[in-house]
Amino acid sequence: MADKITPRSVDYSQWYIDIVLNAKLADYSPVKGCMVIRPRGFAIWERLRDELDRRFKETGHQNAYFPMFIPMSFLEKEAEHVEGFSPELAVVTHAGGEELDEPLVVRPTSETIIWSKYRDWIQSWRDLPLLYNQWANVVRWEKRTRLFLRTTEFLWQEGHTAHETQEEAEAETATMLEVYRRFAEEYLCLPVIAGRKSDAEKFAGAVATYSIEAMMQDKKALQAGTSHFLGQNFAKAFDVQFQTRDGQLDHVWATSWGASTRLVGAIIMTHSDDKGLVLPPSLAQEEVVVIPIFKNDNKATVLEYANRVVQSLKASGRRVAFDTDDSNTPGWKFAEWEMRGVPLRVEAGPKDAANGTVVMVRRDTGEKSFVSIDDIAAVAATTLATMQKDLLEKARAFRDANTRDVVSYTDLLEFYGKEKKAKPQAAIDGESHEGTAEATGGYARGLWCGSRECEAKLKADLKVTIRNMPSDQQDHVEGVCCLCGAPARHRAIFARSY
RNA sequence: CGGGACGUAGCCUAGCGGCUAAGGCGCCAGCUUUGGGAGCUGGAUAUCGGGGGUUCGAAUCCCCCCGUCCCGACCA
């Protein structure tokens, strides 16, 4: 098998690609910009999806499915929406051997087709709220793609809700942002900052966009989920009116919210190391791999012993892989299962069989311990629970260590380094490509006046953007904008981003 | 969409105008081994990314196209 994982310190982008490919999570496709998700990668998505779906249902949402083909004219009904998406649309012009009367857009998102139906389904305040979600694929023709992080076609869920009042819709937007925040932290071990996007970064057609932002190991930010307050924009575009409690007609208030297979990329980039994938136990296809270590003369004994270990773990509800292959050495298997990101490795050899113990090794820390076979199930359970907490805390500590408060433009310049680019080690060694952006900076937290000009200047000078304005940090915004010195209106998180 | 690098077996690489395209890893068979990526023997696998051109002769030189990666522009 491949043992080629480029160290992060040499080339972070290549490290990420090496992990995705070598851990067999995904592969390239014959169509540019698309990806094939392989079983080990899809298993992560499935677990993530099932848990998120559970949380949606817990908060009162139902699943539905809308078609992937959308009449071009639908998109054109909301001006900002079509303007935002038109550069990345895939359009079907021919079907059934004939040219279509009206081109069909392959959905880049489903607001328009969904609102065209909401118009039929909503008449009275008694029909509200409408809380629907769909799991689907969408297509956005991207110029520059990266496995999981930005692909032409990707999988996601999109929630679309309709409400009686503005307050109710805004509350829904906040509720779903909180669902994402908790899900990211509890289940994916991704510490995130929840907040509102600047106008420049908001969704095409939204009144306000909120996001959760995670920090990758190269200190760049990655948007891991979004929740939009759409106001009455789509209701007006699709003429969705309802009869209010006092007999008036009013347009409904809307939200939409989504998270995608990009989350898989975020998980890989947050937790993994130079040996391969590291996964939160919650997401791992197998939580434990049991590796028997035998010689020909003790093979039967060891396998029987190891099988007892496997049965004990399975009986306690663990997802277990049992690697009985006899053509590879234990060392090879250790490396292989580490690359695959299995959280716990249990080694059972002749010495262990004699002592009634096993060797247990944590993937995240490499820590080894000897455990009695009688305790294996209990110890595995507590160790996995600990790992789930530790991964979050490790990521949080990394983020906090790379977050700095800034008060002036000078601070920002110093933090991010003006146009600073480092040659990767490969280039220094005389090989290959131009420099990749050095892992400088991180999150800068500072005050902002709210002007588009300041934001644009920062992006032009340093490629740094406002990630969001943290919802829980908008009290006591007193002082001046760290960019222009005008009175500040918001506290913002700045970063380079994916 | 612009700039750069690359494309030879599943993967990595050699060959850079001349005979039957070479090696390592992996794969298959057998033997042997197994506590951190074992060893021996035998075997299979290449329209040299695709098309066109130059030439007596092209993996090798030229043109066009396609793809991947990196940088930029664009973008959630």
Side-chain angles (χ1 to χ4, degrees), chain A residues 1-6 11-18 21-22 24 27-35 83-89 108-109 138 140-147 149-152 154 156 158 197 200-206 209 211 213 221-226 228 258-260 262 275-276 291-299 302-303 323-339 345-353 357-359 361 366 368 370 419 421 423-424 426-427 431-437 459-460 463 465 467-468 497-498:
Chain A
M1 287 299 134
D3 50 3
K4 284 282 183 195
I5 293 183
T6 306
D11 187 336
Y12 189 82
S13 295
Q14 193 58 47
W15 165 79
Y16 173 75
I17 293 161
D18 288 347
L21 261 27
N22 287 320
K24 299 187 171 65
D27 205 347
Y28 295 105
S29 94
V31 179
K32 182 182 170 70
C34 295
M35 72 187 286
E83 192 192 332
F85 280 105
S86 62
E88 41 187 1
L89 294 180
T109 180
V138 288
R140 296 179 185 177
W141 218 257
E142 298 288 349
K143 308 274 188 188
R144 192 171 167 188
T145 58
R146 258 147 105 40
L147 295 167
L149 298 177
R150 177 174 284 110
T151 47
T152 295
F154 56 95
W156 77 344
E158 45 181 325
K197 286 293 205 185
E201 299 265 331
K202 97 186 166 188
F203 175 72
T209 287
S211 72
E213 302 282 335
L222 186 141
Q223 179 175 304
T226 48
H228 313 290
S260 72
R262 174 179 245 204
K275 291 196 283 189
I291 299 181
I293 296 157
F294 50 78
K295 298 183 195 292
N296 280 338
D297 58 1
N298 60 23
K299 183 172 175 180
V302 170
L303 281 178
D323 190 347
T324 58
D325 185 299
D326 61 3
S327 62
N328 290 314
T329 62
W332 189 92
K333 293 178 186 177
F334 296 167
E336 182 66 16
W337 288 100
E338 277 166 354
M339 178 141 64
R345 176 174 80 238
V346 168
E347 306 170 15
K351 291 179 222 162
D352 303 301
T357 59
V358 294
V359 176
V361 184
K368 281 192 183 187
F370 293 88
E419 291 295 309
K421 275 186 194 160
K423 295 285 181 192
E431 299 215 348
S432 79
H433 34 250
E434 287 294 295
T436 47
K459 188 173 179 180
K463 294 201 292 187
T465 51
R467 299 324 304 156
N468 67 24
S497 72
Y498 278 94

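So you know, we letter chains A, B, ... as the sequences are listed, proteins then strands, and number each from 1. Not measured: the values here are computed from a predicted model.
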* Mark yes or no: A/R150 above the aromatic ring of A/Y498, with NZ or CZ under 6.0 Å from the six-membered ring centre and no more than 45 degrees from the axis. => no
* To do: Could you check whether A/G225 gets within reach of a base, just the sugar-phosphate, or nothing at all, counting any heavy atom under 4.0 Å?
  => nothing
* To do: Please report, rounded to the nearest Å, how far the P atom of B/U68 is from the CG atom of A/D11.
  => 18 Å
* Touch class at under 4.0 angstrom, heavy-atom based, for A/K459 against every strand present -> nothing
* To do: Identify which nucleotide among B/G37, B/U34, B/C74 has an atom closest to any side-chain atom of A/D326, counting heavy atoms from C-beta outward.
  => B/U34
* To do: Check every strand shown and say whether A/Y28 touches a base, only sugar-phosphate, or nothing at a heavy-atom separation below 4.0 Å.
  => sugar-phosphate
* Listed nucleotide nearest any side-chain atom of A/P330, set B/G35, B/C69, B/C1 -> B/G35
* **Distance, C1' atom - from B/A46 to B/G37, rounded to whole angstrom** => 28 Å
* To do: Please determine, for the side chain of A/I293, which listed nucleotide (B/C75, B/G35, B/C71) has the closest atom?
  => B/G35
* Could you check which nucleotide pairs with B/U68 in any of the strands shown, counting Watson-Crick or G-U wobble with both distances under 3.5 Å? => B/A5
* **Polar side-chain contact A/N328-B/G37 base: donor and acceptor under 3.5 Å** => no
* Tell which nucleotide pairs with B/C74, taking only Watson-Crick or G-U wobble pairs whose two distances are both under 3.5 angstrom. => none
* Structure fact -> Across every strand shown, the nucleotide meeting Watson-Crick or G-U wobble geometry with B/U60 (both distances under 3.5 Å) is none
* To do: Answer yes or no: does a side-chain N or O of A/K295 lie under 4.0 Å from OP1 or OP2 of B/U34?
  => yes
* Asked: Can you find a side chain N or O atom of A/N296 that sits less than 4.0 Å from OP1 or OP2 on B/U34?
  -> no
* Base, sugar-phosphate alone, or nothing: which one does A/G258 contact when heavy atoms must sit under 4.0 Å apart? -> nothing
* Would you mind telling me which of B/C75, B/C69, B/G35 lies closest to the side-chain atoms of A/E142? => B/C75
* Which of the following nucleotides, B/U33, B/G36, B/A38, is nearest to the side chain of A/T329? -> B/A38
* Asked: With respect to the side chain of A/D352, which nucleotide from B/C74, B/U34, B/G35 is positioned closest?
  -> B/G35
* Asked: Which pair of heavy atoms, one from A/S497 and one from A/T465, lies closest together, and at what distance?
  -> OG-OG1, 4.0 Å
* Can any side-chain N or O of A/K333 pair as donor or acceptor with the backbone N or O of A/D325 at less than 3.5 Å? -> yes
* Asked: NA contact type, A/I17, heavy-atom cut-off 4.0 Å: base, sugar-phosphate, or nothing?
  -> sugar-phosphate
* Between the side chains of A/S211 and A/N468, does any donor sit under 3.5 Å from an acceptor? -> yes
* Asked: Below 4.5 Å, heavy atoms only, C-beta onward: do A/R467 and A/E201 meet side chain to side chain?
  -> yes
* Asked: Where do A/T226 and A/F203 land on the side chain to side chain contact (heavy atoms under 4.5 Å, CB included) test, with the steps shown first?
  -> CA-CA 9 Å; A/T226 48; A/F203 175 72; over 6 Å; no
* Select base, sugar-phosphate, or nothing to describe what A/R144 touches, counting heavy atoms under 4.0 Å on all strands. => base
* Asked: With sugar-phosphate meaning primed atoms plus P, OP1 and OP2, does A/E88 contact a base, only sugar-phosphate, or nothing at under 4.0 Å between heavy atoms?
  -> sugar-phosphate
* Out of B/G35, B/G36, B/U33, whichever nucleotide has its closest atom nearest the side chain of A/P350 -> B/G35
* For atom C1', what is the distance between B/A38 and B/C48, given to the nearest Å? -> 33 Å
* Answer with base, sugar-phosphate or nothing: what part of the nucleic acid does A/K351 contact at a heavy-atom distance below 4.0 Å? => base
* Asked: Touch check for A/R146, heavy atoms < 4.0 angstrom, all strands: base, sugar-phosphate only, or nothing?
  -> sugar-phosphate
* To do: Could you please name the option among B/U34, B/G37, B/C70 that lies closest to any side-chain atom of A/E336?
  => B/G37
* Structure fact -> A/R345 has its side chain closest, among B/G35, B/G36, B/C1, to B/G36
